[in-house]
Amino acid sequence: MPELPEVEVVRRGLDRWVSGRVVAAAEVLHPRAVRRHVAGAVDFTDRLRGVRVAPARRRGKYLWLPLGEDLALLAHLGMSGQLLVQPGGTPDEKHLRVRVTFDDVARGELRFVDQRTFGGLSLHAVGRDGVPDVIGHIARDPLDPLFDEDAFHAALLRRRTTVKRALLDQSLISGVGNIYADEALWRTRLHYELPTAGLTRPRTAELVSHIREVMNAALAVGGTSFDSLYVNVNGESGYFDRSLDAYGREDQPCRRCGTPMRRRPWMNRSSYFCPRCQPPPG
DNA sequence: GGAAGCTCCTGAAAGC
DNA sequence: TGCTTTCAGGAGCTTC
């Protein structure tokens, strides 16, 4: 499932294989894949034709290809989205949703493949900072040099919510999904239902540090491929799932204390934690 | 206005 | 064997 490290791996791939090229044509094979492009699929393909792609950028789990001064092709991979660069003539993937071809045909075409169709592509105006207007509310991610840890801590204290909810709120801190939230909480020995108001400044610093640690470790091995739905632009999987300490480890011994790990249903998904290292609040 | 819950979607796995 | 149910989850939308 693509979180920040996986999206960053894809961004690097796009930089290598797509930036600098000129779009020849685009084809939408499933309208839901461009549902966030409010003007519709025809407008989407019309406006892409003939534009030159600039180096890919990313904020949190969103990535985009700047197209000239004031337009960008925004992508979100959702649960199962893949951006693949394939040689022309390669048989279509079963869940191919959008195809983009370029004037230099020999370098392959860009394909958006998405089984569960939670992801999508869309075109948007960009603001002065070069960020697409529709993601202006997305906070900087913890790997961004301009991420403001003091402001993040202050925001946590203002919220009347719990720590894992806050980590998944992309307007507070971006790029963290269910897997890396559980991993960072395990490393910080925090229970997912701890109220954010109970976090001290040093604890917040420790938590952010562990988020960075787990993300950098995942990046180093190409991301996490827990259910084989995430691959880089060349269709290769990452290996970080072999290093997970919490996510998916129900009933297995905690790597710190040996206590069997627990899984609890939480917000229509799951939370994995060690009941001894991460005792519930109160 | 803020927080919590619902919904979209597909396919693998489990249950019967 | 084959059908039904459950589960996975990011983020926009709705409800309280």
Side-chain angles (χ1 to χ4, degrees), chain A residues 1-8 10 28-38 58-64 74-83 92-98 112-122 124 131-139 141 154-185 192-199 211 215 218 223-231 237 240-241 244 246-251 262-273:
Chain A
M1 300 143 209
E3 297 186 29
L4 185 152
E6 292 74 29
V7 176
E8 175 59 18
V10 172
V28 176
L29 295 102
H30 195 304
R32 192 173 145 80
V34 294
R35 67 191 179 284
R36 294 188 184 101
H37 186 80
V38 290
R58 180 187 58 73
R59 175 167 287 185
K61 293 176 238 180
Y62 286 91
L63 57 87
W64 67 93
L74 182 68
H76 194 288
L77 302 179
M79 280 288 297
S80 53
Q82 303 172 358
L83 280 165
D92 288 357
E93 292 76 9
K94 185 177 177 185
H95 302 107
L96 177 61
R97 310 304 191 192
V98 178
F112 179 67
V113 177
D114 190 6
Q115 180 199 100
R116 297 176 192 170
T117 67
F118 278 28
L121 305 180
S122 47
H124 299 281
V131 177
D133 51 8
V134 290
I135 60 165
H137 64 292
I138 301 294
D141 61 66
L156 289 178
L157 296 189
R158 278 196 304 272
R159 289 291 176 101
R160 288 190 298 274
T161 189
T162 50
V163 63
K164 187 170 172 181
R165 277 183 184 276
L167 289 182
L168 297 186
D169 185 338
Q170 305 296 302
S171 67
L172 292 179
I173 183 171
S174 68
V176 183
N178 199 42
I179 297 176
Y180 295 126
D182 278 359
E183 291 302 306
L185 289 171
Y192 60 97
E193 286 192 318
L194 181 80
T196 50
L199 284 169
I211 293 170
M215 284 181 169
T224 302
S225 302
F226 200 80
D227 63 0
S228 306
L229 285 176
Y230 158 72
V231 293
S237 296
F240 191 66
D241 54 305
L244 293 175
Y247 186 85
R249 298 196 67 247
E250 184 181 19
D251 295 332
R262 298 258 174 84
R263 179 180 77 88
R264 289 285 178 271
W266 179 83
M267 278 179 68
N268 289 331
R269 55 198 78 177
S270 294
S271 272
Y272 296 88
F273 67 105

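Chain letters run A, B, ... following the sequence lines, proteins first and then strands; every chain starts at 1. Side chains are part of it too, since the values below use all heavy atoms of this structure and drop only hydrogens, waters and symmetry mates. It should be emphasised that the depicted structure is a prediction, and the values quoted were computed from it without experimental measurement.
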Item to complete: May I ask you to verify if any side-chain N or O of A:K94 is less than 4.0 angstrom from the OP1 or OP2 atom of B:dG11?
Response: yes

Practice prompt. For A:R116 and C:dG12, give me the distance from atom CZ to atom P, rounded to whole Å.
Written response: 19 Å

Practice prompt. Would you check if A:W64 and A:H124 make a side-chain contact, meaning some heavy-atom pair closer than 4.5 Å?
Written response: no

Worksheet item: Is A:R263 paired with A:D251 through a side-chain N to carboxylate O contact shorter than 4.0 Å?
Response: no

Worksheet entry | Between CD on residue A:E250 and CZ on residue A:F273, distance to nearest 0.5 Å | 10.0 Å

Discussion item. Rounded to whole Å, please give me the gap between CG in A:L63 and P in C:dA11.
Written reply: 12 Å

Worksheet entry | Whole angstrom value for the distance that separates P of C:dG12 from NE2 of A:H76 | 8 Å

Worksheet entry | Candidate nucleotides C:dA11, C:dG9, B:dT10, ranked by approach to the side chain of A:N178 - the nearest | C:dG9

Practice prompt. Compare all side-chain heavy atoms of A:I179 with those of A:E3 and state whether any distance is below 4.5 angstrom.
Written response: yes

Worksheet item: When the distance from CD of A:Q115 to C1' of C:dG10 is rounded to whole Å, what number comes out?
Response: 15 Å

Worksheet item: Base, sugar-phosphate, or nothing: which does A:H137 touch, judged by heavy atoms less than 4.0 Å apart?
Response: sugar-phosphate

Worksheet item: About how many Å separate CG of A:L168 and OG of A:S174, when rounded to the nearest 0.5 Å?
Response: 12.0 Å

Are there any protein N/O atoms within less than 3.5 Å of an N/O atom in nucleotides 14-16 of chain C, and if so, which ones and at what distance?
none

Discussion item. Measure CG/A:L168 against P/C:dG9 and give the value in whole Å, please.
Written reply: 10 Å

Worksheet item: Which residue, A:I135, A:L63, A:L121, forms the side-chain contact (heavy atoms from CB on, under 4.5 Å) with A:L74?
Response: A:I135

Item to complete: Give me the one residue out of A:K61, A:R58, A:R59 that meets salt bridge (charged side-chain N to carboxylate O under 4.0 Å, His left out) with A:D141.
Response: A:R58

Practice prompt. State whether A:Y180 places a side-chain N or O below 4.0 Å from either non-bridging phosphate oxygen (OP1 or OP2) of C:dG10.
Written response: no

Fill in: Contact state string [nucleotides 1-7 of chain B, B base, S sugar-phosphate only, - no protein heavy atom under 4.0 Å]
--SSS-B

Worksheet item: Do A:L167 and A:L185 come within less than 4.5 Å of each other through their side chains, counting heavy atoms only?
Response: yes

Practice prompt. Send over the distance from A:E250 CD to C:dT6 C1', rounded to a whole Å.
Written response: 14 Å

Worksheet item: Is there a side-chain contact between A:H95 and A:Q82, using heavy atoms and a 4.5 Å cut-off?
Response: no

Worksheet item: Rounded to the Å, how far apart are A:L4 CG and C:dA11 P?
Response: 11 Å

Worksheet entry | 4.5 Å side-chain heavy-atom contact, A:Y62 and A:V7 | no

Item to complete: Enter the distance from A:L29:CG to A:F112:CZ here, rounded to the nearest 0.5 Å.
Response: 12.0 Å

Fill in: Among C:dA11, B:dC9, C:dA8, the one nearest A:T117 by side-chain distance
B:dC9

Worksheet item: Roughly how bent is the helix from B:dG2-C:dC16 to B:dC16-C:dG2 end to end, in steps of 10 degrees, with each end axis from five pairs?
Response: 60°

Worksheet item: Which nucleotide in the list C:dG12, C:dG10, B:dG11 gets nearest to the side chain of A:H95?
Response: B:dG11

Worksheet item: Out of B:dC9, C:dG9, C:dG10, which has the shortest distance to the side chain of A:M79?
Response: C:dG9

Practice prompt. Select from A:I138 and A:F118 the residue whose nearest nucleotide in DNA chain C is closer to the 5' end of that strand.
Written response: A:F118

Worksheet item: Can you tell me how far P of C:dA11 sits from CG of A:L74, to the nearest Å?
Response: 11 Å

Worksheet item: What nucleic acid atoms does A:R35 come within less than 4.0 Å of, heavy atoms only: base, sugar-phosphate, or nothing?
Response: nothing

Fill in: Criterion side-chain hydrogen bond (donor to acceptor under 3.5 Å, both in side chains) on A:R159 and A:T196, from CA distance to verdict
CA-CA 7 Å; A:R159 289 291 176 101; A:T196 50; over 6 Å; no

